[in-house]
Every structure is written in structure tokens, then in C-alpha cells.
Amino acid sequence: MKPVSFKHLVIGVCMFASAGLAMALKPTAKISDAEPAINLEQLIPRQFGEWKEDTSIVPIKVSPEVQAKLDKIYGQTLSRTYINAEGRRVMLSIAYGANQGSDDFQVHRPEYCYSAQGFQVNKGWEDHLKVGNGELPIKRLEAIQGPRNEPITYWITIGDKATLPGISRKLTQLSYGLTGKIPDGMLIRVSSISPNADDEYRLQDQFVNAMLDGVEPTQRVRLTGAL
């Protein structure tokens with residue numbers, strides 16, 4: 001048996017210490033109870049910049065199994081399709097949950113949601129999207145089903161921080177837990193249909209910036225965190 005290195009020992013001690021602190025300071029106060037209530041229908045304008053809602057397009061409904069999971073995790077969801085003057089469309093999906101403080105209530109990642117709908121999801125990568133004076137940490141994906149190729153951009157928020165799934169999300173959850181607070185959170189996803197993924201990602205970046213410019217400044221932090 002190999003001896004335990006000092007580095008691994010320190011990491012192990014830190015993990016146990018963090019777990020102990022988390023148990024001692026079990027979160028009890030929901031951040032959402034102290035903030036103005038969120039209404040996604042009112043939060044996101046139906047028209048902003050060169051974009052307006054395309055009511056002729058009905059969003060595809062997810063399977064009953066996936067919907068049951070979403071209902072358990074989230075209190076509100078929003079699905080819309082927008083169109084610009086050139087006739088190009090972008091689909092917007094937002095899910096909000098008042099309790100994002102544990103893995104039981106973590107955001108439902110598009111990688112799994114699309115796979116559950118029969119899509120082949122190509123391995124994605126992390127990126128940054130320039131918005132105003134800051135940068136959003138985002139994830140890029142491509143979902144493919146037959147002739148349908150759907151480039152996807154998404155990010156999540158935990159409390160007032162924008163982050164991505166993985167260690168960053170867990171550390172953010174832990175930081176809130178150590179203060180006794182239960183953070184709320186969102187998953188914001190935009191996608192479009194085209195075989196030219198790079199072109200669609202540029203379009204999605206323009207759409208996101210236009211959307212954020214159209215949101216009330218006091219509410220923008222709910223979508224981007226405190227950049």
C-alpha cells in the first residue's frame with residue numbers, strides 16, 4: 001500500500017472540516033424569503049432590441065418523466081421562442097428554484113435533459129460570454145437528433161453568483177451553507193437550430209446581451225449574478 005502523501009492528507013482534513021462545519025451550520029434561512037418574489041413571465045420582456053416573441057412556435061414539451069423531475073426541482077419555468085428582423089429564431093428556457101442548496105435540488109443540466117429526450121449530446125466545453133462590464137461563465141453544447149442540430153449555450157446562478165456545474169457550483173453552495181443560508185438559483189438556456197454551430201453561438205451571444213439590456217437593471221442580477 002502506498003503511503004498517503006501530505007498533500008492528500010491536507011485535502012482530506014479540509015474536506016472533513018468543511019463537512020463538519022456544514023453540519024454545525026445547517027442552512028435554515030432561504031434567501032428567496034428575503035428577496036422580492038420572482039415572476040419569470042414578468043422578468044423577461046416579450047420584446048427587446050431587435051427580438052420579439054414568436055408566438056407561432058410552440059415549444060416542444062418534455063416527457064412526463066422529465067417534467068416530473070423539473071416540477072420537483074423548480075418552482076417556475078419559462079419557455080419562449082424569439083425571432084429577429086432577419087427571421088432567425090432563438091429558443092429561451094429558464095428554470096427557477098427557491099432551494100439550490102443541496103444536490104437534491106441542483107439545477108437540471110441540459111446534458112441530461114436532452115439525452116433523456118433521445119438527443120445525442122456532443123461533449124461540451126466551458127467558455128465566457130462578455131456582457132456589459134463583465135463575463136458570464138457559460139457552457140456550450142450541441143444536441144443532435146436526426147437532421148436536427150441544436151447548438152446550446154447555458155449557465156446557472158446560485159444566489160447572487162453565476163457559475164457552472166461541478167466544483168464551482170459545490171463551492172458556491174458550501175459558502176452559502178456555512179452562513180446558514182439556502183440560496184435560490186436559475187438555469188438559463190438559449191439554443192437555435194442550424195448545422196453551423198459557430199454562427200449560432202455568435203447569434204446566441206447577441207441575443208443574450210439584448211435580453212439582459214432589456215431586463216430591468218434591478219432584476220438583471222437575478223440572471224447574471226453580481227458581475
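For reference, positions follow the sequence shown, starting with 1. Values in this document were obtained by computation on a predicted structure and should not be read as measured data.
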Stepwise side chain to side chain contact (heavy atoms under 4.5 Å, CB included) check, Ile193 with Met91: CA-CA 9 Å; Ile193 301 173; Met91 294 170 284; 3.9 Å; yes
Is there a donor-acceptor pair closer than 3.5 Å between any side-chain N or O of [X] and the backbone N or O of [Y]?
| X | Y | result |
| --- | --- | --- |
| Glu142 | Ala197 | no |
| Asn209 | Lys130 | yes |
| Asp160 | Gly225 | no |
| Gln145 | Gln117 | yes |

Restricting to non-hydrogen atoms, name the atom on [X] and the atom on [Y] that form the minimum distance, rounded to 0.1 Å.
| X | Y | result |
| --- | --- | --- |
| Pro137 | Ala162 | CG-O, 3.6 Å |
| Pro195 | Asn149 | CA-ND2, 3.9 Å |
| Trp155 | Thr224 | NE1-CA, 4.5 Å |
| Gly146 | Ile144 | O-CG2, 3.9 Å |

First locate atom [atom1] of [X], then atom [atom2] of [Y], and finally report the distance between them rounded to the nearest 0.5 Å.
| X | Y | atom1 | atom2 | result |
| --- | --- | --- | --- | --- |
| Leu187 | Tyr96 | CG | OH | 14.0 Å |
| Ile158 | Met186 | CD1 | CE | 11.5 Å |
| Ile152 | Gln204 | CD1 | CD | 8.5 Å |
| Leu136 | Leu212 | CG | CG | 7.0 Å |
| Tyr82 | Arg89 | OH | CZ | 14.5 Å |

Name of the residue among Ile188, Thr81, Val208 meeting side-chain contact (heavy atoms from CB on, under 4.5 Å) with Leu92: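 Single side-chain contact (heavy atoms from CB on, under 4.5 Å) partner of Leu92 among Ile188, Thr81, Val208: Ile188.
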Qualifying residue for side-chain contact (heavy atoms from CB on, under 4.5 Å) with Leu223, from Ile44, Thr157, Val131: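 That would be Ile44; it is the only one of Ile44, Thr157, Val131 passing the side-chain contact (heavy atoms from CB on, under 4.5 Å) with Leu223.
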Side-chain ion pair, Glu200 and Arg140, N-O less than 4.0 Å: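 No.
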Basic-acidic side-chain contact under 4.0 Å: Asp199, Arg202: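 A salt bridge is present here (some side-chain N lies under 4.0 Å from a carboxylate O).
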Residues Asp213, Phe48; criterion side chain to side chain contact (heavy atoms under 4.5 Å, CB included); working and verdict: CA-CA 8 Å; Asp213 287 342; Phe48 46 80; over 6 Å; no
Can [Y] be reached from [X] by stepping across I, L, V, M, F, W or Y side chains whose heavy atoms are under 4.5 Å apart?
| X | Y | answer |
| --- | --- | --- |
| Trp51 | Tyr201 | no |
| Ile94 | Leu164 | no |
| Phe207 | Leu129 | yes |

Under a 4.5 Å cut-off applied to non-hydrogen side-chain atoms, are [X] and [Y] in contact?
| X | Y | answer |
| --- | --- | --- |
| Ser191 | Leu141 | no |
| Arg46 | Glu41 | yes |
| Ile156 | Lys139 | no |

Over 12 foreign heavy atoms within 6.0 Å of NZ, Lys161: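 Incorrect, the count does not exceed 12.
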Steps toward side chain to side chain contact (heavy atoms under 4.5 Å, CB included) verdict (Ser192, Arg88): CA-CA 9 Å; Ser192 44; Arg88 300 183 70 179; over 6 Å; no
Leu43/Val215 under side chain to side chain contact (heavy atoms under 4.5 Å, CB included): CA gap, chis, key distance, verdict: CA-CA 7 Å; Leu43 177 63; Val215 173; 4.0 Å; yes
ILVMFWY cluster membership beyond Ile83 - transitive side-chain contacts under 4.5 angstrom: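 Hydrophobic cluster check, Ile83: no partners found.
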With Tyr154 via ring-ring contact (aromatic ring centres under 6.0 Å, His included) - residues at least two apart: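 So Tyr154 forms no ring-ring contact (aromatic ring centres under 6.0 Å, His included) with any residue.
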Aromatic ring pairing Tyr114/Phe119, orientation class (parallel under 30°, perpendicular over 60°, tilted between):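 It falls in the perpendicular class, over 60°.
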